[in-house]
Amino acid sequence: MSRVHDVPMCRQLIAPAEWDLHGGWALGDRMEWSNRACGLASLRMILLAYRRQAPTVTELLKLAVKNEVLTPRGALHAGIASLATDLGVPATAEPVPVEELLARLDAAPVIVSVTEQFPDDGRSGGHLVILRGYEDGPDPAIFIRDPSAWGQVHERIPLSRLSPSYTGRAIIFAPLNNGES
C-alpha cells in the first residue's frame, strides 16, 4: 500500500525580499530567525496542502512572536497547533509512538520532531518536518517535506532511519481528502 498527501515544498530560509516586505527587520536578524523557522515553514506547507490562505514564513514568524509560540530553540508544538487551528486547519500537539505513524498518515500529513538530516547516532528532536505519506514494505519508505537545505534534495527516507531521530512528539491535523478538509 502507498499513501502520499500532496504537500507543496517551502523553505525555512527566509528570502531578504520577503523579510523586508513584511517588516521582519523589526524582529532582528533574518538568518538567526531562518535557522529556527522549520516549524513555521512546515505550518505554511500544511496550510497550502489544505488550500488555506498561507502567510509567508515572515508573517507566520510575526504571528508566532505575538502569540508567544517561540522559544530560543524554536516553535512550541502546541503553539503551532494553535496557529494552524486559528488559520483554518484543526490541529493538536500530542505524543505519537513511531508504530502509529503510518496509521496517522492514512488520514493526513503530520509534523514531527526529528534530528536534522535523520542521523542514526542517538540524537533526537530539535527539527520539525512534515511526514506526508508512505510506501509499504519491509522497511516502509516515508515521504517527507523538510524545509531545511538538506530537505530540498531529499524527499523520502526509510522508517528505520526516521525512528532513531524521532522524539515521539507530533502535530496531528484534521483528515485531508484530496486537498480539502
Side-chain angles (χ1 to χ4, degrees), residues 5-94 108-119 123-132 143-155 157 162 165-167 169-174 176 179-181:
H5 300 284
D6 184 22
V7 177
M9 177 56 87
C10 178
R11 294 194 67 182
Q12 72 186 60
L13 177 64
I14 302 168
E18 173 191 321
W19 188 250
D20 291 342
L21 179 65
H22 298 289
W25 44 265
L27 298 172
D29 183 66
R30 177 183 63 87
M31 288 306 294
E32 180 181 326
W33 283 110
S34 288
N35 288 334
R36 299 185 313 170
C38 56
L40 299 172
S42 293
L43 172 57
R44 185 169 198 278
M45 289 186 269
I46 290 292
L47 293 170
L48 291 168
Y50 282 79
R51 299 183 180 164
R52 298 297 190 266
Q53 183 175 347
T56 65
V57 174
T58 303
E59 291 171 309
L60 289 171
L61 174 61
K62 289 170 73 176
L63 272 175
V65 167
K66 177 182 174 186
N67 292 304
E68 299 179 350
V69 169
L70 297 169
T71 71
R73 292 187 59 206
L76 298 169
H77 293 86
I80 291 173
S82 179
L83 285 176
T85 300
D86 290 349
L87 293 168
V89 181
T92 59
E94 58 189 72
V110 178
I111 294 177
V112 297
S113 180
V114 297
T115 305
E116 196 167 359
Q117 299 183 22
F118 304 91
R123 290 180 290 154
S124 65
H127 181 59
L128 298 180
V129 302
I130 296 174
L131 307 184
R132 63 187 193 95
F143 292 89
I144 63 170
R145 287 288 187 238
D146 178 348
S148 73
W150 181 88
Q152 303 306 297
V153 294
H154 296 85
E155 66 176 37
I157 59 165
L162 178 132
S165 76
Y166 173 55
T167 64
R169 296 180 310 156
I171 302 167
I172 306 301
F173 299 92
L176 177 64
E180 297 176 19
S181 63

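Both backbone and side-chain heavy atoms feed into the values below; hydrogens, waters and symmetry mates do not.
With a 4.5 Å cut-off on side-chain heavy atoms, V112 and V129 count as touching. Considering only heavy atoms from C-beta on, Q152 stays 4.5 Å or farther from D146 through its side chain. Looking only at side-chain heavy atoms (C-beta outward), V57 and R11 stay at 4.5 Å or farther from each other. Taking the side chain as every heavy atom from C-beta outward, L48 and V7 never approach each other to under 4.5 Å. When side chains are defined from C-beta on, L21 does not count as touching T58, because their heavy atoms never get closer than 4.5 Å. Y166 places none of its side-chain heavy atoms less than 4.5 Å from the side chain of T115. Using a 4.5 Å heavy-atom cutoff, the side chains of P147 and S42 are in contact. Looking at W25 and D20, their side chains come closer than 4.5 Å, going by heavy atoms from C-beta outward.
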Q: Take W19 and L27, measure what side-chain contact (heavy atoms from CB on, under 4.5 Å) needs, and give me the verdict at the end.
A: CA-CA 10 Å; W19 188 250; L27 298 172; 4.2 Å; yes
Q | side-chain contact (heavy atoms from CB on, under 4.5 Å) assessment of L162 paired with L131 | A | CA-CA 10 Å; L162 178 132; L131 307 184; 3.5 Å; yes
(Q) Let's go through H127 and S148 carefully: what are the C-alpha distance in whole Å and the side-chain angles of both, what is the deciding distance for side-chain contact (heavy atoms from CB on, under 4.5 Å) to 0.1 Å, and is it a yes or a no? (A) CA-CA 9 Å; H127 181 59; S148 73; 3.9 Å; yes
Q) Can V114 and T167 be said to form a side-chain contact (heavy atoms from CB on, under 4.5 Å), step by step? A) CA-CA 6 Å; V114 297; T167 64; over 6 Å; no
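Taking every heavy atom of both residues into account, R132 and I144 meet most closely at NE-O, 3.8 Å. Taking both residues in full, the closest heavy atoms of G126 and S113 are given as N-OG, 3.5 Å, listed atom of the first, atom of the second, then distance. In terms of heavy atoms, L47 sits closest to A54 at CB-CB, 4.0 Å.
Y50 contributes a side-chain N or O that, together with a main-chain N or O of A174, makes up a donor-acceptor pair within less than 3.5 Å. In terms of modelled atom types and a separation under 3.5 Å, the side chain of E32 and the main chain of G28 share no donor-acceptor contact. For the pair K62 (side chain) and G23 (backbone), a donor-acceptor distance under 3.5 Å is absent. For the pair T85 (side chain) and A91 (backbone), a donor-acceptor distance under 3.5 Å is present.
Atom SG in C10 sits 5.0 Å away from atom CZ in R44 (nearest 0.5 Å). Note that CG of L128 and CD1 of I171 are 6.0 Å apart. Values are rounded to the nearest 0.5 Å. I80 contributes atom CD1, which lies 10.5 Å from atom CD1 of I46 (distance to the nearest 0.5 angstrom). For the atom pair R169 CZ and H77 NE2, the distance stands at 4.0 Å (nearest 0.5 Å). The NE2 atom of H154 lies 14.5 Å from the CZ atom of F143; values are rounded to the nearest 0.5 Å. For the atom pair L87 CG and L43 CG, the distance stands at 6.5 Å (nearest 0.5 Å).
Cation-pi contact between R30 and W33: absent, since separation from the ring centre below 6.0 Å together with deviation from the ring axis within 45° is not met.
Judged by distance alone, the side chains of Q12 and S34 never bring a donor and an acceptor atom under 3.5 Å apart.
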